[in-house]
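Model, not experiment: these values are computed from the prediction.
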Amino acid sequence: HGPAGAAAGCARLAHIFGRDRLFVELQRHHVRGEDRTVRALRDLAEAQGLPLLATNGVSYATPADREVLDAFTCIRQHTHLDAAGRLLAANAERHLKTPAAMAALFADLPEAVRNTARLADQLEFGMDKLGYEFPTYEVPTGETMDSYLRKLVEAGARKRYD
């Protein structure tokens, strides 16, 4: 792939989405090798005439929530924390950061932070726009789906944990 492949990929995406809707995303998580990656992406953006976008690849809300992500990673990979090794995140940097924290993290590239704020202002998101509805299940008379689920969970917990 390399620089030529990245340039071709940018050209293809610009053709599909338009240059006014395409950004080169940068993330910093304090891991080895990321400075080289950020420099290469910055150079790619400059060569392609594309704006930079500072993001954090958020996987959890707070640093403490990383433990939950690690547990789910182990479940998904059918392993346990002691054996997971590199399957787990290197640190707890993929949390939702404040604008000030992002500005500090990308102090050398303030335009990337400005572009992120500008893009965020253009986006509209709400849980009501997800468009997903849970399936409807038949439940016994006098029960709602929520009340019946609660009963099933409580019965299962009693059976499993005595």
Side-chain angles (χ1 to χ4, degrees), residues 1-136 145-146 149 153:
H1 302 280
C10 283
R12 183 169 185 258
L13 290 171
H15 176 74
I16 294 168
F17 295 106
R19 288 198 166 275
D20 58 329
R21 293 185 173 154
L22 187 61
F23 296 83
V24 174
E25 177 185 22
L26 305 176
Q27 296 182 10
R28 286 187 170 145
H29 300 117
H30 305 293
V31 294
R32 185 178 307 167
E34 76 181 357
D35 289 339
R36 182 177 52 247
T37 302
V38 168
R39 278 193 305 275
L41 289 169
R42 182 201 59 211
D43 293 348
L44 174 67
E46 185 177 326
Q48 296 296 310
L50 295 170
L52 295 170
L53 195 69
T55 73
N56 202 42
V58 173
S59 295
Y60 38 87
T62 68
D65 293 331
R66 181 222 170 164
E67 293 175 5
V68 175
L69 177 68
D70 287 351
F72 278 116
T73 298
C74 288
I75 291 167
R76 187 176 60 252
Q77 297 294 326
H78 306 288
T79 190
H80 54 87
L81 288 169
D82 292 335
R86 292 183 182 215
L87 295 172
L88 304 179
N91 57 39
E93 289 295 319
R94 288 181 167 269
H95 63 279
L96 194 58
K97 293 182 179 173
T98 65
M102 290 298 287
L105 192 59
F106 289 95
D108 60 321
L109 298 166
E111 71 276 15
V113 177
R114 283 192 302 272
N115 290 338
T116 302
R118 211 175 69 237
L119 179 60
D121 287 342
Q122 296 173 19
L123 302 175
E124 291 181 25
F125 175 79
M127 296 301 283
D128 60 321
K129 295 187 181 198
L130 288 179
Y132 179 81
E133 288 186 32
F134 286 101
T136 302
M145 286 196 324
D146 286 340
L149 176 61
V153 169

Set out, in order, the CA-CA distance, both residues' side-chain angles and the distance that settles salt bridge (charged side-chain N to carboxylate O under 4.0 Å, His left out) for D43 and R39, then state yes or no.
CA-CA 6 Å; D43 293 348; R39 278 193 305 275; over 6 Å; no
Pair L13, R21 - check side-chain contact (heavy atoms from CB on, under 4.5 Å), show working. CA-CA 9 Å; L13 290 171; R21 293 185 173 154; over 6 Å; no
Next on the checklist: Between R66 and E93, does the side-chain contact (heavy atoms from CB on, under 4.5 Å) criterion hold? Intermediate values first, please.
Outcome noted: CA-CA 9 Å; R66 181 222 170 164; E93 289 295 319; over 6 Å; no
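E111 places a side-chain heavy atom less than 4.5 Å from the side chain of L109. Between Y60 and V68 there is no side-chain heavy-atom pair separated by less than 4.5 Å. Annotation: side chain of T116 is not in contact with side chain of M102 (no heavy-atom distance under 4.5 Å). Side-chain contact between L22 and R19 is absent, with no heavy atoms from C-beta onward closer than 4.5 Å. Side-chain contact between E46 and V24 is absent, with no heavy atoms from C-beta onward closer than 4.5 Å. No side-chain heavy atom of N56 sits under 4.5 Å from any side-chain heavy atom of L96. L81 is listed as a side-chain neighbour of L88, based on a closest heavy-atom distance under 4.5 Å.
Using a distance-only test at 3.5 Å, with no hydrogens or angles considered, no donor-acceptor pair links the side chain of N91 to the main chain of V31. Under a 3.5 Å cut-off, the side chain of E34 and the backbone N or O of H29 do form a donor-acceptor pair.
Ionic pairing of D108 and R28 is present here: one or more N-O contacts between side-chain nitrogen and carboxylate oxygen are shorter than 4.0 angstrom.
Rounding to the nearest 0.5 Å gives a distance of 10.0 Å between CG of D35 and NE2 of H30. Taking CG of L44 as the start and SG of C10 as the end, the distance is 4.0 Å to the nearest 0.5 Å. The OG1 atom of T37 lies 6.5 Å from the CG atom of L41; values are rounded to the nearest 0.5 Å. Considering CZ of F23 and CG of N115, their distance stands at 6.0 Å, rounded to 0.5 Å. Going from atom CZ of F17 over to atom CZ of R12 covers 9.0 Å, rounded to the nearest 0.5 Å. Atom-to-atom distance recorded for E25:CD and L53:CG is 6.5 Å, nearest 0.5 angstrom.
Shown here is E67, whose CD atom has no more than 12 heavy atoms of other residues, nucleotides or ligands within 6.0 Å.
Inspection of the T62 and D65 side chains reveals an N or O donor paired with an N or O acceptor under 3.5 Å.
Summarising the geometry of A92 relative to P63, their closest heavy-atom pair is CB-O, 3.7 Å, with the distance given to 0.1 Å. Of all heavy-atom pairs between Q48 and A7, the closest is NE2-CB, 3.4 Å. For the pair L26 and A112, the tightest heavy-atom approach, listed with the atom from each and the gap, is CD1-CB, 4.5 Å.
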